[in-house]
Amino acid sequence: MTRLVARLRLVFAALTLVGLISFVPPAGAQQPSSVNPTASAVKEDKLLQELNRIQGRGSIPDTRSYVVEQPAGRDWRQFHEVTLLWVGAIVMLGMLALLIVYYAIKGPIRLEREPSGRTITRFNGLERFAHWLTAGSFVLLALTGLNVTFGKHLLLPLMSPNAFSKLSVVAKYVHDYLSFPFVIGLVIIFVLWVRDNVPGRIDVQWLRQAGGFFGGGHPPAPRFNAGQKIVFWVVIITGAAMTVSGFYLLFPFYAAGIAGMQIAEVVHGVLAVLFVAAVLAHIYIGTIGMEGAFAAMGSGEVDLNWAKEHHSLWVEEAQGRATTASPHATPAE
């Protein structure tokens, strides 16, 4: 009997061992020890990024517009509300201060000789139209655009919130729609003047003498001197960059998401204040800073002595063409 019980125990133990072995998965099916058990877990930095993100649901197909607030927006807001405000004030007021100091010390650049009483055509009707189309659009774009950054600090204290709100809405529409004539004017002046604004060796001499602004005499210059060529390319390049960045903002979510539009706004804002500063210098030279300069874009005609002093090479070329066209004509002296 004792032997029978011992055999039954042995059989039971064997069956138990076989059962346990059948439940153990094969070695090939076990996970390799190199697998990171937390690989599918959410990283801490991602959790922190989503912590301050506010996103809802909308009725339009573009789901990117459902994001109401996201962490990078705080950096953009800091730039827009603080950094751009200081950069713009320093750059624009700094340029204005320099021009005032220069005018107080040097005064306007006057003709070395008396006006001759004879004129030469500086710009034709199409050129003046393109200039004033671009310039007029830019002035209104600058004023309405600066309202976005400086309006609530400078204008809101002077009027009621309701009046400022209405003014800002009108300014927004003016800014949006005047971008199109500005671009048209930009294209026209590029086509008309790009050939005359290619840099050359003669421009180096003009720059060495600073155009005669800080000393006597005027260096020889073609139709556009080196300073005017710099202004031309600043207007074309900066205007093109502002056009692209502006259209990113005017047509949101078509070409970029929220991050791309924030970058476009930063580019647009920084270039805008630099552009305004450069145009302030251009306006100064074209009005009170240089005697006889405004007539070039006013009537299109400038005094012959003015043209000889500031653009002597261009006068020689123009008179040469006139002599060739009319062999019996006597060149103006």
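Note: hydrogens, waters and symmetry copies are ignored here, and every other heavy atom, side chains too, is used.
Residues Trp233 and Val194 form a side-chain contact, since some pair of their non-hydrogen atoms from C-beta on lies under 4.5 Å apart. Looking at heavy atoms from C-beta onward, Thr243 lies out of side-chain contact with Ser179 at the 4.5 angstrom threshold. For the pair Glu114 and Asn305, the minimum side-chain heavy-atom distance is 4.5 Å or more. Side-chain contact check for Arg118 versus Asp303: every heavy-atom pair is 4.5 Å or farther apart. In this structure the side chain of Ile236 never reaches within 4.5 angstrom of the side chain of Trp193, judged on heavy atoms. A 4.5 Å side-chain heavy-atom check between Ile120 and Val302 finds at least one atom pair inside the cut-off. Contact of the Leu274 side chain with the Thr238 side chain is not registered, since no non-hydrogen atoms from C-beta on lie closer than 4.5 Å. Side-chain contact check for Ile285 versus Gln228: every heavy-atom pair is 4.5 Å or farther apart.
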Next item on the list: Applying side-chain contact (heavy atoms from CB on, under 4.5 Å), run through Tyr284 and Leu280 and close with a yes or a no.
Entry: CA-CA 6 Å; Tyr284 168 80; Leu280 285 175; over 6 Å; no
Next item on the list: Kindly determine whether Glu81 and Lys152 satisfy salt bridge (charged side-chain N to carboxylate O under 4.0 Å, His left out), including the steps that lead there.
Entry: CA-CA 11 Å; Glu81 297 291 336; Lys152 68 180 181 180; 2.8 Å; yes
Next item on the list: Could you please spell out the steps behind the side-chain contact (heavy atoms from CB on, under 4.5 Å) verdict for Gln262 and Asp75?
Entry: CA-CA 10 Å; Gln262 287 173 344; Asp75 298 332; over 6 Å; no
Note to self: Run the ring-ring contact (aromatic ring centres under 6.0 Å, His included) test on Phe247 and Phe180 for me, step by step, so that the C-alpha distance in whole Å, both residues' side-chain angles and the decisive distance to 0.1 Å come before the verdict.
What the structure shows: CA-CA 10 Å; Phe247 283 165; Phe180 298 103; 5.7 Å; yes
Next item on the list: Any chance you could lay out the side-chain contact (heavy atoms from CB on, under 4.5 Å) test for Leu304 and Thr119, step after step, and finish with the verdict?
Entry: CA-CA 5 Å; Leu304 187 59; Thr119 61; over 6 Å; no
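His311 and Trp306 have tilted rings, their planes meeting at an angle from 30° to 60° on a 0 to 90° scale. Note on ring orientation: taking the six-membered ring where Trp is involved, the planes of Tyr254 and Phe251 are perpendicular (angle over 60°, cut-offs 30° and 60°).
Listed here is the closest heavy atom pair of Ala130 and Ile189: CB-CG2, 3.5 Å. The two atoms that bring Ala171 and Asn147 nearest to each other are CB-ND2, 4.3 Å, heavy atoms only. Contact detail for Ser137 and Leu178: the closest heavy-atom pair is CB-O, 4.0 Å. Of all the heavy atoms in Leu207 and Ile230, the pair that sits closest is CD2-CD1, 4.3 Å. Residues Pro108 and Tyr103 approach most closely at CD-CE1, 3.7 Å, considering heavy atoms. Closest approach of Pro220 and Leu313 over heavy atoms only: CB-CG, 4.0 Å.
Taking 4.0 Å as the cut-off between side-chain N and carboxylate O, Lys308 and Glu112 do not count as a salt-bridged pair. A salt bridge links Arg223 and Glu127; the closest N-O separation between the charged side-chain nitrogens and carboxylate oxygens is under 4.0 Å. A salt bridge links Asp203 to Lys229: one of the charged nitrogens lies within less than 4.0 Å of a carboxylate oxygen.
Glu291 places a side-chain N or O within donor-acceptor distance of the main-chain N or O of Leu111, the cut-off being under 3.5 Å. When atom types are taken as modelled, the side chain of Thr144 and the backbone of Leu141 share a donor-acceptor pair closer than 3.5 angstrom. A distance-only check finds no donor-acceptor pair linking the side chain of His268 to the backbone of Ser245 [under 3.5 Å]. Judged by distance alone, with hydrogens and angles left aside, the side-chain atoms of Asn225 form no donor-acceptor pair with the main-chain N or O of Ala221 at under 3.5 Å. Ser165 places no side-chain N or O within 3.5 Å of a backbone atom of Pro161 that could act as its donor or acceptor partner. Under the 3.5 Å distance criterion, the side-chain polar atoms of Glu309 are matched with a main-chain donor or acceptor of Arg113.
Under a hydrophobic clustering in which Ile, Leu, Val, Met, Phe, Trp and Tyr are joined whenever their side-chain heavy atoms come within less than 4.5 Å, directly or via other members, Leu146 and Phe164 fall into different clusters.
Note: Phe138 and Phe275 meet the aromatic proximity criterion, with ring centroids under 6.0 Å apart. Taking the six-membered ring where the residue is Trp, the centroids of Phe123 and Phe129 are separated by 6.0 Å or more.
In Phe190, the CZ atom is not crowded: 12 or fewer heavy atoms of neighbouring residues, nucleotides or ligands sit closer than 6.0 Å. The number of heavy-atom neighbours closer than 6.0 Å to NE2 of His282, taken from other residues, nucleotides and ligands shown, is 12 or below.
Rounding to the nearest 0.5 Å places NE2 of His175 at 12.5 Å from OG of Ser168. Rounded to the nearest 0.5 angstrom, Leu271 CG and Ile237 CD1 are separated by 11.0 Å. Of the inter-residue distances, the one linking Leu85 atom CG with Thr149 atom OG1 reads 7.5 Å to the nearest 0.5 angstrom. Atom CH2 of Trp314 sits about 10.5 Å away from atom CG of Asp196, to the nearest 0.5 Å. Here the straight-line distance linking atom CZ of Phe182 with atom CE of Met242 works out to 7.0 Å at 0.5 Å rounding.
For Arg122 and Phe224, the positive end sits near the middle of the six-membered ring, less than 6.0 Å away and at most 45° from its axis.
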